[in-house]
Amino acid sequence: MREKLVFEISKKGRVGVSLPRCDVPEEEPERLIPERCLRKDLPLPELSEPEIIRHFTRLSQLNYAVDTGFYPLGSCTMKYNPRVNEEIASLPGLARLHPYQPEELCQGALRLMYELGEYLAQIGGMDAVTLQPAAGAHGELTGMLIIRAYFLSKGQKRHKVIIPDSAHGTNPASAALCGYQAVEVKSDKKGCVDIGELNKLVDDDVAAIMLTNPNTLGLFEGNILEIAAIVHRAGGLLYCDGANLNALLGVARPGDMGFDLLHFNLHKTFSTPHGGGGPGSGPLGVKKALAPFLPVPLVVKQGKRYLLNYNCLLSIGKVRSFYGNFGVLVKAYAYLLSLGSEGLRQVAENAVLNANYLMNRFKDHYHLPYDRICKHEFVLSGARQKKRGIRALDIAKRLIDYGFHPPTIYFPLIVNEALMIEPTETESRQTLDRFADALIKIAGEDVKTLKSAPHHTPVGRLDEAAAAREPNLRWKK
Amino acid sequence: MREKLVFEISKKGRVGVSLPRCDVPEEEPERLIPERCLRKDLPLPELSEPEIIRHFTRLSQLNYAVDTGFYPLGSCTMKYNPRVNEEIASLPGLARLHPYQPEELCQGALRLMYELGEYLAQIGGMDAVTLQPAAGAHGELTGMLIIRAYFLSKGQKRHKVIIPDSAHGTNPASAALCGYQAVEVKSDKKGCVDIGELNKLVDDDVAAIMLTNPNTLGLFEGNILEIAAIVHRAGGLLYCDGANLNALLGVARPGDMGFDLLHFNLHKTFSTPHGGGGPGSGPLGVKKALAPFLPVPLVVKQGKRYLLNYNCLLSIGKVRSFYGNFGVLVKAYAYLLSLGSEGLRQVAENAVLNANYLMNRFKDHYHLPYDRICKHEFVLSGARQKKRGIRALDIAKRLIDYGFHPPTIYFPLIVNEALMIEPTETESRQTLDRFADALIKIAGEDVKTLKSAPHHTPVGRLDEAAAAREPNLRWKK
Amino acid sequence: MHYIPNTDGDRIEMLQAIGLASVDELFSDIPAQVRINAPLKLPSAFSELELLEHARQLGAENANIDDYVCFRGAGAYDHFIPSVVKQIVSRAEFYTSYTPYQAEISQGTLQAIYEYQTLICQLTGMEVSNASMYDGASALAEAVLMSCRVTGRDRLLLSQTLHPEYRQVVKAYLQGISVEAVEIPYASGLTDLDWLKKELNDRVAAVVVQHPNFFGLLEEVDEISQIAHRVGALFVVSVDPISLGILQPPGTYEADIAVGEGQVLGNEMCFGGPYLGFFATRERFVRNMPGRLVGATTDSEGRRGFVLTLQTREQHIRRVKATSNICSNESLNALAAAVYLTALGKEGLRKVALLCLRKAHYAWRETAKLNGFSPLFSGTFFKEFSVNCPTSPPKINQVLLRQKIIGGLELKGSYPEHENGLLVCVTEKRTKEQIDEFVESLRKIGEEQ
Amino acid sequence: MHYIPNTDGDRIEMLQAIGLASVDELFSDIPAQVRINAPLKLPSAFSELELLEHARQLGAENANIDDYVCFRGAGAYDHFIPSVVKQIVSRAEFYTSYTPYQAEISQGTLQAIYEYQTLICQLTGMEVSNASMYDGASALAEAVLMSCRVTGRDRLLLSQTLHPEYRQVVKAYLQGISVEAVEIPYASGLTDLDWLKKELNDRVAAVVVQHPNFFGLLEEVDEISQIAHRVGALFVVSVDPISLGILQPPGTYEADIAVGEGQVLGNEMCFGGPYLGFFATRERFVRNMPGRLVGATTDSEGRRGFVLTLQTREQHIRRVKATSNICSNESLNALAAAVYLTALGKEGLRKVALLCLRKAHYAWRETAKLNGFSPLFSGTFFKEFSVNCPTSPPKINQVLLRQKIIGGLELKGSYPEHENGLLVCVTEKRTKEQIDEFVESLRKIGEEQ
Ligand SMILES: Cc1ncc(COP(=O)(O)O)c(C=O)c1O
Ligand SMILES: Cc1ncc(COP(=O)(O)O)c(C=O)c1O
């Protein structure tokens, strides 16, 4: 069931789409464009429409997806993507709009953005929100730029951003991209920021601390109020990576904990599908003091009209063209409306319940480095199995044989042979049990079976070393 | 990868959809409906939305389909179903219409039906068309009723309908359903109606002859003009089962050959998808003399307006509610417009070319009972293989292992171990060659491999005898 | 031609391979005098963009129920369709496959039909269901034919409160065979039981009613069932599946065959089709049933699987003796119905039915308060009701249309005795606001009289 | 809650299993003072039907390009999207999967991205392409950052004929690091080469232009490329992929990095996103590239397969030293682009480009004939052109809107020097009839002056 490349299917003379005849004078391009600017050859493939549909349909079938099975990929919040959101996002009145069409002809779109911003502010405990960032990491970058602009406006140039050792790679990368020095703070035995360490690191050169809360171990930073006090006292800001907000919806708000900035991952918490890697959307919420620095334009309401306000003197400018991933925003907006405030809390409650239930089933079979109530996810260690020569990777691959997507592995970095499991609220207990049964069974399986897994996939384990050594990044004749 | 039944996934208390609150007084049903009329229990399953999507998505993946591979199912014209037709058929302006909405508010729909009728009449060489029948067999029934009404109107009550031994089962069944005695005419050595036999059978009790042309062997009835003369001379009519019209599009018209009635299979010739068994659409075209008997309503044009005409005194009435499978008509209409008259002929030419090319590849490997130029399909016989104990069924099942849908088997009945192969025009030569290679290879494979095929499907060959002996037609607790 | 992969080069090579010089030779077996030489008189090809634009323009000439508020029913209903239904039926593996003749690679369709059959049984309280018929009307015709086969009788009693088109279809199906269909008159909008008792005898194969009937009223199904069975006739009932969210199912009142229009189960109104007829009956009649059936069985390794079964009833095997000529049915619509019933489920379907019931009664009460408008009948109804108007219904509808409301069906067309009768339908999609606006419009019209 | 399978019963049993008495206990690790006790101030839940209706109403408050004729471009373009594209991106296996970290069960996405990368290389004539960036503007910013990494220099020259928002984004990305961005002025609508030659020196990491530029004009890319290379600066170009159907690709004029907005490749305009930035460069820069890459390799049985590769450039491994912080990209939009490019293919993309070219020139010629309207610049253009109007563009657009035409972009906003400048875009979707109507409206407006 493997599939050729489109280039290998291509045959000279085939066409894949019918185009309109030219109804204006058919002038030779040479008359309109200097010959030297015209391309001689366009080496694109040639396929008929049936071949195209069949090719990509068959490719699709080689994928695992939330719609085909359990996807407990920690940190990614692979929850069910409601169908009605897709239907709504494809309505011509919402999908087929030019970003520069006159304001009076996009009041519906602006209203949607305005309201979504308000709802997100509510949920996160923030004062103002920009919907412009295209993903979580983009939100982080935007946040870093805002922090920088904020201090500059106060005549300060701070250089450091503190980031826990358990943080996602985007956090240090975003800080660095913005010229900050990323300073690592260690986690304590309980898996949270080591307060002693933190105290030592914080000084008046610290622009901010970036925290994920619950953190990447799935644990709530219980000392968050203390952390906030420490950082704020030194004049620094608190940035919250909201990737794990699913655990807190309607239960607690980062804004109330002292966070000054917070990005939302709409493609995680707010159920917009991940599309095989994107598009996402990473709106950023900030406290009032930071609002003047948000990227332009902001959607504002004047009376009953919605406007795009570009007139923000202190703004960092823009982090992408236009207003953000509007099509993704539509889905998140629809999701929020179908939940309402009650539903929102149910999401968090069930996500956390599912995680704890599942974690509990593994206690006797895998090493659980942090044995306490978790939030929406938890991290097992394959340390015991490693003694038998079995790696987290082997366990992951073997899960595929049982029909499951593997968890995130080897992250966070502070856990040996980490298996990071996030069930989400949209899975049933039956599914959790089947998954637990499989993972427990695997814990006892023989090395050979595990090392050779997966066994029923169109390809087996691939030679990644060779791929990196001699990169083959495109087809050639 | 097998899947539980929804009933087995069901769990008390789960809901699959959110419904609006009641915004009118919430009276108790007992106050509006006598208690004895109210049901006590509604034993439907209970699933959440994520479970529903996952269940049916997984089920879908257990299907073979045109979009996933070659589907040379003879007589079924499994051609590619253009995507734009689906997009068009789901436009709210075409999909979301009440059949009884006022004529002035469905002019677009009526125009579409009117024009489609005109186009089909053109293509078939007919004078008038009804779009009401829901499938081919339904068209046949409609035709039989019209023939009956026609003779009644002339004061005649004829009792016989002549049908070749190669005919599809719906032909005799439709004739019988309408009270006709189905009389079988044998095929000659060339695979066509035996003219000598026919002459013997035709008399003034014959209402009609039902022919498929090209016939179910994929052969054109070369004596069609003589057949028409014989039947017409006796006062009988010629009915054409248009299931095989793909071979003739733009090349020849049944109406010109003497046929008085012709049904079209839009779900074959006109590329509307088959939906796993339906919906189809079987418009019926007739010559002028039969037009007064068509079912009501007919779409007529008055000036620039389109009307539904119910005022047809001689009409047979109705064969279904409303006007036909409108949604299917839309797709066929779109298909015709994207082909145009030139494209139409290309369809026939390429369908016939593909069939002959493929047939030619098998000549040395399978018995070819009628070795002459075929039209859109051809029939091989597994007679040689049968000598080794291999049945057509085994060959069919083995093809599945090679990634192909099997051809139609054991039909037409007049060919021993028939394998009826229809490639259609939407397959590439590469695909035909791959299929031919597989079927040729199978011709030489050992009995055991074939008998145990298919080998990689979610279930193996199923016990059909047991299924029929003790029917289990529904799940029970 | 972008739907055809063969290139000119392919064609030449393929012709060479089969030893022909030109494509025309492929058609040399067709008598020259019937071969077409000029192109047919059809429009020239539209590009995809032009085609879409053309289709949009055609669509714009129709009022669609996203833009109009629909109070019309009469056999096609504006019920809510959950997004999940559309998502599933648009899976290419479902909609681009054929009838599941090859079970091993069609378990998706087969299991879905098996689930559909079960769901229809659960909904109707009947024992077996087939895999679908063309629509509600033809399903009823097939039910009538089956009644004749089962009883060996040749007379039918059809209530006049059956959908007029359904009666027409039944009669058309009976034209070729010598079965007589007699209409049962109605009294107060209901099948006339006195007449029925009088005319019923042991020549009658079946008594056929619709429940709720065309006027929206609940028939006395228990009693009719008993009356029919007393003479050994079958009781055939055509039901609205949505009503079964709260109404007693046909199984409880001993119907022998229950049919109906499945459009309401997740299918667009689509100007009348494609719809699906569901068909359910008693287990002992199963070999007399028309249409396809899917059964559960096992493979050689004992794994459960599904197959088309009892095919010896069908045309492709039994030919003239088949229980029906049906071949293609409405499988994809049945799939939609299966997804719909699963999505709504036990609670949901009941809720939808309750919403219809309450909203229809609210609309009815508000309408009955108006000057000049009065209920046409006093019986119990579900989601449709008939009112008598102070002026001609076509005029009323004309006024409503200006407010983007598609009013009730004018009864006069099929029931000339109800000159000013209007059949109004209220589904769960209608909001109180819409109903109030509708009633308000009627009020104004009434006052202008 | 229909998205949550857990029932009340499940919840109780699951709590028991973990030894807790209530759901609240699951949150006991959160300090009490930050726990929310009252529900948030959000609307109460909408049912699916209400939600759809609400969304439709919002949609109705927007002009959509099915109903309006769009002559506006400026970075988002109304190109035709074949149905096949929509069909493929709506396959759940594509859109409900995550980044293909587990290659064995992600070959669909991986192979599609590999095909995308190849197609972008074929289109741009560059050697390697990544798997997508957020959009054209951020892709350009990343290109600029990469130029600095590769050259070790700290000065940038950005043409003022670059899309104003792209310039803004580049500058925002540079805020945190000490790189200076200088704008190259324009003359006659084109990057001023004299200025460029003067200011260019070996501190410059890259010269950045857009081609065709914001005014629609073709830049002197060959010459700019040579000028830049002379001092060892990289030449970074932002191109319209549709224009590459007929224009020389960046590879032929030795661009070092080619980026652009991929929206036009089969993605809806969607009010500005989600779009995708494509990013292609030379093979020797591959380890300096930002973004994901898919490579071909083999499994233990020698079968070809695809994996994410060169991940050591990326944030999850390299962290502070990563070539970019990007993680989620725009994979599904890249898939749309791959399907689009495959569907259009060699002939189709050329045809689309030719249609744009001819129609834009037709519109331009007809407009230039009008009283008061004159071309703003005399250079060669592709599908967009700038005109000088006899009256204020906002007024003109106001009039056009009444005819359901979305007119050109008013240049004044970003180029105050062009008070009456209008940037008009004509894609292959515009018919002669629509263009004539547009021109006719302009004519009338011109005459009223
Ligand atoms: C904790 C955390 N932070 C940040 C990110 C980056 O988010 P995005 O992929 O949307 O850029 C992720 C995504 O995996 C994450 O899990
Ligand atoms: C030759 C022939 N006649 C009639 C039919 C019946 O058509 P339908 O399935 O549309 O009722 C078929 C379908 O397989 C057929 O192949």
Side-chain angles (χ1 to χ4, degrees), chain A residues 16-17 23-24 43-44 46 56 59-60 62-67 88 91-93 95-97 99 105 107-108 134-135 137 169 172-174 176 178-179 220 256 273-280 317-318 321-322 325-327 337 340-341 352 357 360 428 457 459-460 462-463 467 472 474-475, chain D residues 5 14 18 29 34 39-40 42 44-46 55 58-59 61-65 82 88 91-93 95-97 99 104-105 107-109 118 134 137 165 168 172 176-177 268 270-274 295-297 299 305 309 315-316 319-320 322 325 327-332 343 345-346 362 432:
Chain A
V17 73
D23 57 359
V24 299
L44 291 176
E46 297 169 85
F56 286 105
L59 279 192
S60 77
L62 303 178
N63 268 6
Y64 194 96
V66 170
D67 275 15
I88 286 172
L91 290 173
R96 321 198 73 185
L97 315 180
L105 292 186
Q107 285 296 303
S174 298
C178 197
F220 190 85
D256 299 340
H274 206 279
K318 290 184 73 60
S321 59
F322 312 118
N325 279 347
F326 180 76
L337 290 188
S341 51
V352 172
Y357 175 77
N360 202 59
S428 69
T457 44
V459 292
L462 292 158
D463 189 342
N472 169 347
R474 58 171 295 192
W475 175 86
Chain D
M14 290 164 81
I18 50 184
D29 50 355
V34 301
L40 293 178
L42 294 174
S44 55
F46 281 55
L58 285 181
E61 286 165 40
N62 302 320
N64 76 70
I65 46 126
I88 295 301
R91 294 274 310 164
E93 292 91 327
Y95 81 84
T96 76
S97 61
T99 305
E104 299 87 345
I105 48 176
Q107 287 295 304
T109 294
T118 305
Y134 300 136
E165 295 205 7
Q168 259 185 304
I177 55 177
E268 297 279 7
C270 212
F271 207 50
T297 183
D299 72 1
T309 191
Q315 43 71 30
H316 60 284
R319 300 175 79 86
V320 286
N325 72 331
C327 178
S328 291
N329 57 20
E330 310 284 306
S331 198
L332 199 68
K346 189 187 189 67
Y362 173 73
K432 178 170 180 301

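Being a predicted model, the structure only gives us computed values, none of them experimental. A, B, ... follow the sequence lines: proteins, then strands. Residue 1 opens every chain.
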Pair A:N63-D:T109, side-chain donor/acceptor within less than 3.5 Å:
yes
Below 4.5 Å, heavy atoms only, C-beta onward: do D:L332 and A:P279 meet side chain to side chain?
yes
Using a 4.5 Å cut-off on heavy atoms from C-beta on, say whether the side chain of D:E330 contacts that of A:N325.
yes
Looking at every non-hydrogen atom in both residues, tell me the closest pair between [X] and [Y] and how far apart they are.
X: D:Y95; Y: A:P273; answer: O-CB, 3.1 Å
X: D:Q315; Y: A:A173; answer: CB-CB, 3.6 Å
X: A:D67; Y: D:A92; answer: OD2-CB, 3.1 Å
X: A:S341; Y: D:P39; answer: OG-CB, 3.9 Å
X: A:V24; Y: D:K432; answer: CG1-CB, 4.0 Å

Count the heavy-atom pairs under 4.5 Å between each of [options] and chain A, then report the option with the highest count.
options: D:T309, D:N329, D:I177; result: D:N329
options: D:K346, D:H316, D:E61; result: D:K346
options: D:C327, D:C270, D:A296, D:A343; result: D:C270
options: D:A137, D:G345, D:G272, D:A55; result: D:G272
options: D:G305, D:S44, D:S328; result: D:S328
options: D:A322, D:P82, D:A172; result: D:A172

Strictly distance-based, threshold 3.5 Å: is any side-chain N or O of A:S60 a donor or acceptor partner for the main-chain N or O of D:E93?
no
Please check this pair: side chain of A:S174 against backbone of D:N325, looking for a donor-acceptor N/O pair closer than 3.5 Å.
no
To the nearest 0.5 Å, what is the distance between [atom1] on [X] and [atom2] on [Y]?
X: D:I18; Y: A:N360; atom1: CD1; atom2: CG; answer: 6.5 Å
X: A:K318; Y: D:E165; atom1: NZ; atom2: CD; answer: 4.0 Å
X: D:N64; Y: A:L105; atom1: CG; atom2: CG; answer: 10.5 Å
X: A:H274; Y: D:T96; atom1: NE2; atom2: OG1; answer: 12.0 Å

Using a 4.5 angstrom heavy-atom cutoff, name the option from [options] with the most pairs to chain D.
options: A:L59, A:L97, A:L91; value: A:L97
options: A:G327, A:S428, A:S321; value: A:S321
options: A:A137, A:G277, A:G93; value: A:G277
options: A:V352, A:V66, A:L337; value: A:L337
options: A:G340, A:A135, A:A95, A:G278; value: A:G278
options: A:G275, A:P172, A:G317, A:A176; value: A:G275

Under 4.5 Å from any heavy atom of chain A - which part of [X]:
X: D:R91; value: side chain
X: D:I88; value: side chain
X: D:T99; value: both

Pick from A:L462, A:L62, A:T457: which one makes a side chain to side chain contact (heavy atoms under 4.5 Å, CB included) with D:E104?
A:T457
Checking heavy atoms, do the side chain of A:E46, its backbone, both or neither come under 4.5 Å from chain D?
side chain
Got a sec, which residues hit side-chain hydrogen bond (donor to acceptor under 3.5 Å, both in side chains) with D:S97, two or more places apart in sequence or on another chain?
none
